[in-house]
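Please read these numbers as outputs of a predicted model, since none were measured by experiment.
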Amino acid sequence: MFEYQRRLYTAILLAIDILAGLPALWIAYSLRSDYDWIPFFELKSLLMRELLPFTHYFGYWILFGPFLVLLLWVTQRYPEMLHRPMRRQYARVFHFTVALAFWSGGFLFFFQLDVSRPIWLSFILFTGLFMVGNRFLAHWVFRSRVLNEHNQIKILIVGTDKRARHAARTLSGLRKWGYEVVGHLAQRGQPVEVSGLNVLGRLHDLPDLLRDEVVVDEIIFVGSQKKDPETFEQMIQLCEALGIRTRVAADFFPTSIARVSLEYLDSLPLITFSTVPDHTMAMAAKRMLDFGVASTMLLLWSPLMLVVAVLVKFTSPGPIFYRQVRYGRFGRRFVLYKFRTMYEGAEDRLWELRHLNEMDGPVFKMRNDPRVTPLGRFLRMSSIDELPQLWNVIKGEMSMVGPRAPLAEEVRHYSLRQRRRLSVKPGLTGLWQVSGRNDIDFDRWMELDLEYIDNWTFWLDLRIMLRTIPAVFTARGAR
């Protein structure tokens with residue numbers, strides 16, 4: 001895998017294994033301080049001794065911290081462990097637990113440390129259990145990344161030579177990390193038909209390929225770019241405009257472009273050009289925030305949503321939920337959920353109202369839309385109709401903050417620069433929503449979305465979510 005991400009995940013796994021000792025120590029101490037309910041603690045003479053305060057044991061944990069880190073690193077071998085099957089990972093946790101018991105027991109005996117034996121044994125046991133939980137959690141995260149298309153990283157490789165085939169083989173072994181090679185593009189002088197490779201065309205076919213709605217998150221230029229430098233530079237500019245992350249084999253340097261970084265795919269050096277947020281710790285934190293906030297809101301607002309569902313059902317004929325296919329990150333299609341706010345058959349009447357559109361551009365907006373039910377007007381004004389989209393956020397199709405999820409008809413009318421707003425997941429709220437919605441024209445709306453992408457930080461998401469609260473209560477969310 002890419003060296004930066006290898007080091008990042010290694011550091012994260014080592015950190016959570018070290019920190020596993022804290023809850024293990026606290027649980028072991030709590031069980032010892034209230035032992036009457038534990039049937040297998042029969043040695044009353046040991047248990048009746050005065051129990052030292054928790055800070056005494058915490059001090060030992062800090063004192064022997066370096067030894068604990070060394071023992072973890074030696075037994076777990078983190079850089080290579082990430083590619084090992086689960087049974088091997090569990091076996092290494094067992095090896096660490098045995099080694100910890102042996103060496104810590106030796107320290108206790110040799111230095112005659114004042115430590116409760118039940119606490120010591122329980123600490124070792126629970127540390128091992130928490131580390132097993134860490135392995136299971138990491139496996140679940142990687143597994144969900146592979147199974148969920150919206151979290152996968154689909155890669156197109158430019159080149160069909162030996163180096164390109166090596167890169168494809170390397171990436172195919174990293175499917176647990178969410179990488180998937182969608183195909184290859186041949187360069188000038190390279191064959192289009194190669195045994196064992198899914199060649200989708202030549203390099204100059206890239207614009208048509210992306211226009212045909214092939215999902216591509218990243219493009220790796222592996223072959224020599226000197227064969228067709230003009231086409232190569234045009235494709236680099238196209239990828240920049242669309243927000244597609246681009247990696248180039250380090251034997252060729254194009255003209256200056258957005259954020260540049262050097263990474264390694266095993267032994268292959270790659271130069272990365274990116275105009276969208278990187279797959280870093282901040283993006284992982286964003287996903288955790290999305291899942292946590294959406295799950296909490298869905299739980300807290302479920303009674304209100306139940307009441308709204310009943311009202312929608314009995315105030316006008318039709319389904320409770322309105323389902324519509326929208327475009328997600330890089331054109332991934334998904335079904336967006338809302339409470340139904342219009343009369344049944346409203347889509348068929350849209351052509352009658354096109355001339356009354358109050359928004360320039362391909363988006364239809366009308367304040368007094370006759371297709372909206374009386375209840376629907378209130379739901380739209382209060383943004384309650386969008387609460388079912390929390391399920392889209394939980395599924396990973398949307399984020400809490402991001403550009404509005406567009407329709408296919410809208411995307412077809414985007415300019416090349418405006419299509420870059422598809423380079424991040426759509427959001428439940430965003431800069432456009434908290435800046436006035438219908439008071440902003442279409443071009444300014446697109447500029448706000450691109451401004452969000454170019455300046456994204458984890459803290460920007462938090463600020464937008466906080467600004468959404470007064471925007472909803474002051475009815476600035478009315479459409």
Side-chain angles (χ1 to χ4, degrees), residues 1-32 38 40 57 60-110 115-148 151 169-180 264-267 281 284 288:
M1 63 179 301
F2 298 109
E3 187 61 27
Y4 170 78
Q5 289 159 309
R6 185 202 300 271
R7 293 196 304 266
L8 176 64
Y9 283 109
T10 296
I12 292 174
L13 198 54
L14 174 61
I16 61 178
D17 278 349
I18 295 172
L19 294 178
L22 279 177
L25 182 61
W26 182 82
I27 293 175
Y29 184 87
S30 300
L31 292 178
R32 168 62 181 82
I38 306 178
F40 57 82
Y57 295 90
Y60 281 143
W61 186 81
I62 295 294
L63 180 63
F64 290 102
F67 167 76
L68 184 66
V69 173
L70 177 62
L71 196 60
L72 280 169
W73 190 261
V74 171
T75 59
Q76 303 305 290
R77 287 175 283 179
Y78 289 95
E80 65 176 79
M81 186 185 65
L82 298 174
H83 301 285
R84 301 303 180 195
M86 292 303 297
R87 58 182 179 81
R88 292 286 300 275
Q89 296 189 35
Y90 292 148
R92 290 187 178 180
V93 171
F94 177 76
H95 295 160
F96 166 78
T97 305
V98 173
L100 179 62
F102 177 80
W103 287 104
S104 61
F107 281 132
L108 293 179
F109 177 80
F110 184 80
V115 173
S116 168
R117 286 350 183 223
I119 292 180
W120 169 63
L121 293 173
S122 300
F123 165 74
I124 293 174
L125 174 63
F126 285 114
T127 298
L129 291 177
F130 277 117
M131 288 178 60
V132 169
N134 291 341
R135 303 297 177 273
F136 179 81
L137 179 61
H139 176 75
W140 178 82
V141 169
F142 300 152
R143 180 71 173 171
S144 62
R145 187 184 183 101
V146 173
L147 295 179
N148 190 339
N151 291 328
R169 286 193 302 269
T170 303
L171 288 168
S172 65
L174 301 175
R175 290 185 59 85
K176 66 176 293 185
W177 295 87
Y179 295 109
E180 180 181 354
Y264 288 86
L265 177 59
D266 282 346
S267 59
M281 193 64 179
M288 293 174 63

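A ring-centre distance under 6.0 Å is found for Phe67 and Phe107.
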Check: Can you check side chain to side chain contact (heavy atoms under 4.5 Å, CB included) on Ile12 and Tyr78, steps first, answer last?
Finding: CA-CA 10 Å; Ile12 292 174; Tyr78 289 95; over 6 Å; no
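A distance of 10.0 Å separates CE of Met131 from CD1 of Ile18, quoted to the nearest 0.5 Å. Put simply, CG on Leu14 and CG on Asn134 are 11.0 Å apart, with the number rounded to the nearest 0.5 Å. Note that CD1 of Ile119 and CD1 of Ile27 are 13.0 Å apart. Values are rounded to the nearest 0.5 Å. Rounding to the nearest 0.5 angstrom, the gap separating the CZ atom in Phe96 from the CD1 atom in Ile124 is 9.0 Å. Of the inter-residue distances, the one linking Leu22 atom CG with Trp61 atom CH2 reads 4.0 Å to the nearest 0.5 angstrom.
Side-chain contact between Thr10 and Trp73: present, with at least one pair of heavy atoms (C-beta onward) separated by less than 4.5 Å. Counting heavy atoms from C-beta outward, Leu25 and Tyr60 have side chains that stay 4.5 Å or more apart. When side chains are defined from C-beta on, Leu13 does not count as touching Gln76, because their heavy atoms never get closer than 4.5 Å. By the 4.5 Å heavy-atom criterion applied to side chains, Phe126 and Trp26 are not counted as neighbours.
Applying side chain to side chain contact (heavy atoms under 4.5 Å, CB included) to Val93 and the options Val132, Leu129, Thr127 leaves one that passes, Val132.
Residue pairs meeting the side-chain hydrogen bond (donor to acceptor under 3.5 Å, both in side chains) criterion with at least one partner in residues 92-107, sequence neighbours excluded, are Glu80-Arg92, Ser104-Trp120. Residue pairs satisfying the salt bridge (charged side-chain N to carboxylate O under 4.0 Å, His left out) criterion with at least one member in residues 17-28, sequence neighbours excluded, are listed as follows: Asp17-Arg135.
Tyr179 places no side-chain N or O within donor-acceptor distance of the main-chain N or O of Thr170, the cut-off being under 3.5 Å.
The ring pair (Phe, Tyr, Trp, His ring centres under 6.0 Å) search around Phe130 returns none, not counting sequence neighbours.
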